[in-house]
Amino acid sequence: MFIFMFNICKIRFFKVISHYMKQSQLFTKTRREAPSDEVSKNAKLLIRGGFIHKEMAGVYSYLPLGLRTLKKIEQIIREEMNAVGGQEIVMATLHPSEPWKQTGAWDSVDVLFKIESRTGKEYVLGQSEEEIVTPIMKDYINSYKDLPKAVYQIGQKYRDELRAKSGVMRGREFTMKDMYSFHESQEDFDRFYQIAKKAYLKIYDRLGLVAKATEASGGNFTEKLSNEFMVLTDAGEDDIVYCESCTHCANIEVSKEKEGESCPKCGKSKLVLAKASEVGNTFDLGQKYSKDFNFTFKDKDGEEKHPIIGCYGIGVTRLMGTIVEALSDEKGIVWPESVAPFKVHLLAFGKDEGVIRESTELYNDLSTNGIEVLFDDRDVSAGEKFKDSDLIGIPYRVIVSEKSLLGGGVELKKRNEEKNEIVGVPQLLDMFRK
Ligand code: ATP
Ligand code: MG
């Protein structure tokens, strides 16, 4: 019996970390004000909600709530990258300077963080990883039979950005997913490129965002394939024009297209100008890096050839900021269910014995059913619990109060809807189980 109880406790304890949490135990607290030097909405809300902690301009730490969301964004990206055949790796972020000198990036990339050791040796902090991934793949790919291959990682990047005023959307340290693909021919690259592009659009969709892929204008066929993925938000740093009738979209920094002109693709609507955030991009790097590193494979006729390399980036932490910018309201964050830190925010109002008993029981029921729940069991006013819940932005709010119990159950309200209803506990559990 004792061993049985002990095991239950162990399971429960494990689940406390992974699945459910009492707000009284959470070390972070919400804040009324963000630091005065913080200008962006995303950082203000994320700091106030206790998701992130600011270390300096463009550098943030991720706290329990923020980390949960970040990991969910990463997992969605990971699933879609695995689905197109990407193999996950983790590359070093502290790099020797030699490969960066070999490609010319040592002198040409202005955001490159260079470090000098006390021994006089020079190092680089990874800002993108062509210089590392190309020599890795060169060690393993010898023949056309080894191609195509795609590898990716999700990890920290470092850039000496001049302007870091967009909160987590432009960091000096930030999380990126970067994938690299290797092909024996242009034809094979083009085939894979379209698959990767589709996977990108699926990722943004799963994150609750509408992303548009910019297109090179004027059907310039000599240009290499590339796309930027843009989400409309005033907090974005890019200006784009897009068509409201079709998927056409162009970055006005590169394109000659102008607001008010008719869409060059469908001709049905006039182009609209908007601010957008670049949440990813995809490129044909051609043979630049395979030539720089003398990376060749034997083709079908036994000839040595340089593979074509593609690169595919997604700004993971920028996505988190973009979601906050695009979906929050005046009260706080509105997380899409797919990346919310928890699914249910359970609020117990008052010290009534029935309320305490019912809310604790519901908390146990939700957690044993595998439903992620944050239980606001703190000894604070209902008003404060409401305010914090709106700020933190969990999709479903469940209130247990004397009033709701008299009404025959608990009060259920979605974060993004005004209407609320009283539902019976069995009915609620059924709904969440589905
Ligand atoms: P930007 O034009 O916004 O500086 P970039 O062209 O330098 O972006 P890449 O080097 O291709 O971007 O990086 C891939 C992705 O990483 C970008 O699409 C963006 O989503 C994200 N990203 C780039 N720089 C930052 C940064 N400083 N902070 C957060 N995310 C970033
Ligand atoms: Mg940049």
Side-chain angles (χ1 to χ4, degrees), residues 40 42-43 46 52 54-62 66 70 73-74 76-77 81 91 93 100 103 105 108-113 124-133 152-181 193 196-197 199-201 203-204 207 209 211-214 224-233 235-240 249-255 275-285 288-289 309-326:
S40 71
N42 69 81
L46 288 169
I52 60 171
K54 184 175 190 169
E55 307 312 335
M56 59 178 158
V59 179
Y60 300 88
S61 296
Y62 286 74
L70 193 64
I73 298 174
E74 290 182 9
I76 288 174
I77 296 172
M81 292 298 98
M91 287 183 267
T93 47
W100 291 90
T103 62
S108 65
V109 174
D110 51 3
V111 295
L112 199 63
F113 269 117
V124 163
L125 290 181
Q127 62 90 34
S128 183
E129 307 245 344
E130 287 82 356
E131 278 75 2
I132 300 300
V133 78
Y152 75 95
Q153 65 173 353
I154 300 174
Q156 300 305 85
K157 295 282 181 286
Y158 301 87
R159 291 188 185 183
D160 195 359
E161 301 277 3
L162 286 183
R163 298 188 321 115
K165 289 190 175 143
S166 303
V168 299
M169 293 169 75
R170 183 169 296 283
R172 295 198 167 101
E173 175 175 352
F174 60 98
T175 310
M176 194 203 283
K177 184 284 300 176
D178 42 332
M179 179 165 78
Y180 307 87
S181 70
Y193 186 87
K197 190 176 160 186
Y200 265 47
L201 292 171
I203 288 167
Y204 302 125
L207 295 173
L209 295 171
K212 299 173 184 295
T214 59
K224 286 205 178 309
L225 277 175
S226 84
N227 288 103
E228 293 168 327
F229 296 82
M230 297 289 188
V231 172
L232 298 187
T233 163
E237 294 180 16
D238 291 85
D239 295 298
I240 60 161
C249 164
N251 192 327
I252 63 166
E253 196 181 287
V254 294
S255 157
K275 283 260 172 226
S277 166
E278 184 199 304
V279 289
N281 59 32
T282 50
F283 282 109
D284 177 356
L285 296 171
K288 154 134 183 81
Y289 291 92
I309 304 181
C311 79
Y312 314 80
I314 290 188
V316 181
T317 38
R318 181 178 290 182
L319 268 170
M320 185 162 163
T322 303
I323 291 170
V324 173
E325 293 281 348

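Remember, it's 1-based here, ligands and their atoms both numbered in the order they're listed.
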To the nearest 0.1 Å, how far is [atom] from its closest protein heavy atom, and which atom is that?
atom	answer
atom 15 (C) of ligand 1	Gly315 N, 3.9 Å
atom 8 (O) of ligand 1	Glu278 OE2, 3.8 Å
atom 5 (P) of ligand 1	Arg159 NH1, 3.9 Å

| message | Show me which atoms of ligand 1 lie under 4.0 Å from any heavy atom of Met176. | response |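 This gives 13 (O), 14 (C), 16 (O) as the contact atoms.
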| query | Which of the atoms of ligand 1 are close to Gly171, meaning less than 4.0 Å from one of its heavy atoms? | reply |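 Going through ligand 1 atom by atom, the ones under 4.0 Å from Gly171 are 26 (C), 27 (N), 28 (N), 29 (C).
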| request: Would you tell me which option among Arg170, Lys157, Glu161, Gln127 has the nearest heavy-atom contact to atom 4 (O) of ligand 1? | output: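 It is Arg170 whose heavy atom sits nearest to atom 4 (O) of ligand 1.
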| Considering only heavy atoms, which of Tyr312, Phe174, Tyr158 lies nearest to atom 30 (N) of ligand 1? |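 Ranked by closest heavy atom to atom 30 (N) of ligand 1, first place is Phe174.
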Could a heavy atom of [X] be found less than 4.0 Å from some atom of ligand 1?
X	value
Arg172	no
Gly280	yes
Asn281	yes

| message | Once side-chain hydrogen bond (donor to acceptor under 3.5 Å, both in side chains) is applied, do any residues pair with Asp284, and if so which ones, sequence neighbours excluded? | response |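 side-chain hydrogen bond (donor to acceptor under 3.5 Å, both in side chains) check on Asp284 returns Gln186.
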| said: Counting the benzene-type ring for Trp, do Tyr200 and Phe229 have ring centres under 6.0 Å apart? | reply: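 Centroid distance Tyr200-Phe229: below 6.0 Å, so yes.
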| field | Gln153/Asp178 under side chain to side chain contact (heavy atoms under 4.5 Å, CB included): CA gap, chis, key distance, verdict | value | CA-CA 6 Å; Gln153 65 173 353; Asp178 42 332; 3.1 Å; yes
| So, for Tyr312 and Ala196, which heavy atoms are closest and what is the spacing to 0.1 Å? |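 Residues Tyr312 and Ala196, closest heavy atoms: CE2-CB, 3.6 Å.
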| said: Can a donor-acceptor pair be found, under 3.5 Å and without considering hydrogens, that links the side chain of Thr214 to the backbone of Glu228? | reply: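 Checking the backbone N and O of Glu228 against the side chain of Thr214, a donor-acceptor pair under 3.5 Å is found.
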| Would one find an N or O of Thr317, backbone or side chain, under 3.5 Å from an N or O of ligand 1? |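 So ligand 1 has no N or O lying under 3.5 Å from an N or O of Thr317.
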| request: Using the side-chain contact (heavy atoms from CB on, under 4.5 Å) rule, pick out the option among Glu129, Lys157, Gln127 that qualifies with Met176. | output: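 So the option named by the test is Lys157.
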| field | Modelled atom types, side-chain donor and acceptor of Ser277 and Glu237, under 3.5 Å | value |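 Checked: Ser277/Glu237 side chains show no N/O donor-acceptor pair below 3.5 Å.
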| query | Does Tyr62 have any ring pair (Phe, Tyr, Trp, His ring centres under 6.0 Å) partners at least two apart in sequence or in another chain, and if so, which? | reply |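 If we apply the ring pair (Phe, Tyr, Trp, His ring centres under 6.0 Å) test to Tyr62, skipping adjacent residues, there are no hits.
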| task | Using a 4.0 Å heavy-atom threshold (strictly under), name the region of Met169 that reaches ligand 1: side chain, backbone, both or neither. | result |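 Met169 to ligand 1: backbone contact only, side chain stays beyond 4.0 Å.
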